[in-house]
Protein chains: 2
Amino acid sequence: MEFGEGRMARRKPSIYDVAKVAGVSHQTVSRVLNLHNNVSDPMRQKVLSAMADLEFRPNQTAKALATGKTSTIGVLSHNTTLFGPASMLHAVQNSARELGYTINIVSLKSIDHQSIVEGIEELVRVGVDGIVIIAPLAKGVGPLPHVSDYLPAVLVEGEPISAIPSLNFNQFSGAAMAVEHLIALGHKRIAHISGPKNWYEAQQRMNGWRNTLLKSGLKADLIVAGDWSPQSGYDAVKELMVLGKPTAIFAGNDGMALGALKALSELGISVPTQMSLVGFDNMPEAPFLVPGLSTVNQDLGALGNQCVNLLVKLINHEDTGDIQLAFEPVLIIRGSTARAESK
Amino acid sequence: MEFGEGRMARRKPSIYDVAKVAGVSHQTVSRVLNLHNNVSDPMRQKVLSAMADLEFRPNQTAKALATGKTSTIGVLSHNTTLFGPASMLHAVQNSARELGYTINIVSLKSIDHQSIVEGIEELVRVGVDGIVIIAPLAKGVGPLPHVSDYLPAVLVEGEPISAIPSLNFNQFSGAAMAVEHLIALGHKRIAHISGPKNWYEAQQRMNGWRNTLLKSGLKADLIVAGDWSPQSGYDAVKELMVLGKPTAIFAGNDGMALGALKALSELGISVPTQMSLVGFDNMPEAPFLVPGLSTVNQDLGALGNQCVNLLVKLINHEDTGDIQLAFEPVLIIRGSTARAESK
DNA sequence: GTCGGAATTGTTACCGGTAACATAAGGAAG
DNA sequence: CTTCCTTATGTTACCGGTAACAATTCCGAC
């Protein structure tokens, strides 16, 4: 009987109804609700039992209007189907709930300026207390700097902007680690399958790849752009084998690495003996590919957690200074990488 | 300049502020806001320009309080990291946004009675207009029947209950299709790696497997339960090979199939020549496994869409009768299934 | 010229809470 | 026995909108 009876019949009881039943003022009810201690025990009991009788549930909307705080955190995201964003979202939601916040999601169809502005507008209108922006955007961030003037916001996975606190894993160094690993194995021709060019993370991973190669005196010319999907990784390999003959491939994410693995298998190129392969993300499937995928791990759960904590501090006006945090990812070596064939 | 200036300085303007600037009553502002047609053109212009000057954004919270409608749909979900729930969530959010609704997510840590009640309580308190329950729960649904008395709700992926409209893909028939396919290929010993026993979908897929086998006079004794993860699929295969020697495996989802593939590879059992394998879900990775995974496809996007449409109808009191819809999934045959070896 | 109705604008009440202030009762200090 | 301060409770205003109703103007019809 937890949720009342009667087909949505009678109006939900308010604190006034409770007050009437308990024979007290509505303010006393409010005090009981908010655990004020200046309420005598008998009075509190009367109120509590009246609330129970009426199956009273406080109206969060009314509270939000009165206090100006909605206890809601807005999440501006893109494709919540992808592993990264999905993990972040999950982590953010968990952390937020623990802190008494509700999550309100707006997921954009595309990440152009227009959509972003609309998304933020929507969250402002809905009245969130703060915004977590899980956007991979690299530039065209025209409006973003102003968000923080209007509403607390933190940025994840996007290009750090001075005006907005941002949290990230260091994509550049993650990529560098992957490539250094390959170089240490003796590889000279190391290709890259990048993510979409307008994603900040894709750019950083690509930069890490290029920079590391150049630093070692190797050429960084074998590169094809994908869209994170296995399909694009598959296509990319077919393209790469025309462009030149790499002995190792650094894929921008695990999904594309998975597609690459398929293409290599079809081409009769065995991994890791003839081709080494590294991914990025360490998704749950990575250890179970054949061979197990060497990849770069980032603890997205921890990041999401940090992110919410920071945002809540901002909401409570605990000044935190200008924060641009970058965490370090970790390279995980599995079976997909091996010494380059010595010819 | 879209989002105001000054470090969260001045209070946000209300319709009264706009009214004062425009020299009209607040009600006229409200009328302009709601596109009422009984407003003269010059008046409307004055109001609009005042709104622009003040960078006015309507306060959704106040509107919600006044109208009793929050234009928010609550989503009660479980693990939004899994492919199924993540896809559903994404679809629901897209459809909802198109209909002018915002999404409020509560993702449960576990799916026991207690957590579910808490989750619903939270959504009620926050004040959503309706709830989409993406819960795999099979029973222990004590409180659920009463939700619909209190708030419109639809159930996805869960066991249909007469009191709540539910939308589902027919898991039973999906599983049956998969197993029939294997039987048609001449397999006699067909094992199943099931999902968690308390998930409705897992139960249905298992029932479909068992029923189809029995109908064909085959034994349904080779079964191991997993938890949807690749790891559990991997472990399950190792277990299965001890229990008996199947020639085909029907995995409860693609993730476990992926893990199974790995284990089979380690055991030197080649797919599909020595072992056929079918998954469920058709996640984006499925075609790119080696070999491509035969699996059961369900258009979760369409389901999410239907689901929101139905819920919105319920919210608007358009009576829809008792609805229990089941869509038919589609078997997709790829390289992981082949004729049983003729001994 | 007068009357009735439609179109436009304004007034007041209300949604369900919280906050600030007012009041009453009770106890310790002088 | 006052006086003052604390504690418990009630009153009133307010958050920012919408809804219902009142008031005014402008027309066409009689």
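Here the structure is a predicted model, which means the values were calculated and not measured. We name chains A, B, ... by the order of the sequence lines, and we start the count at 1 in each one.
Look at CG on A:Asn38: it is 10 Å from C1' on D:dT9, rounded to the nearest Å. The interatomic distance linking A:Lys20 (NZ) with D:dG10 (P) rounds to 15 Å, in whole Å. Look at CG on A:Asn37: it is 15 Å from P on D:dT6, rounded to the nearest Å.
Taking CG of B:Leu89 as the start and NE2 of A:His90 as the end, the distance is 10.0 Å to the nearest 0.5 Å. Rounding to the nearest 0.5 angstrom, the gap separating the CG atom in A:Leu151 from the CD1 atom in A:Ile131 is 5.0 Å.
Dashed line: the shortest gap from a side-chain N or O of A:Ser25 to OP1 or OP2 of D:dT11 is not under 4.0 Å. Residue B:Thr28 has a polar side-chain atom (N or O) positioned under 4.0 Å from OP1 or OP2 of C:dG10.
A donor-acceptor pair is defined here as one N or O able to donate and one able to accept, closer than 3.5 Å; no such pair exists between the side chain of A:Asp129 and the backbone of A:Lys69. No donor-acceptor pair closer than 3.5 Å links the side chain of A:Gln306 to the backbone N or O of A:Leu167.
Using a 4.0 Å cut-off between charged side-chain N and carboxylate O, B:Lys12 and B:Glu55 make no salt bridge.
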Using a 4.0 Å heavy-atom cut-off to protein, can you give one letter per nucleotide of nucleotides 14-24 of chain D, 5' to 3': B if the base is in contact, S if only the sugar-phosphate is, - if neither?
-BBBBBB----
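When the local axes at the two ends of the helix from C:dG1-D:dC30 to C:dG30-D:dC1 are compared, using 5 base pairs at each end, they differ in direction by 50° after rounding to 10°.
No side-chain donor from either of A:Thr61 and B:Thr61 sits under 3.5 Å from a side-chain acceptor of the other. A donor-acceptor contact closer than 3.5 angstrom is absent between the side chains of B:Thr72 and B:Asn104. Between the side chains of B:Thr80 and B:Ser77, no donor N or O sits under 3.5 Å from an acceptor N or O.
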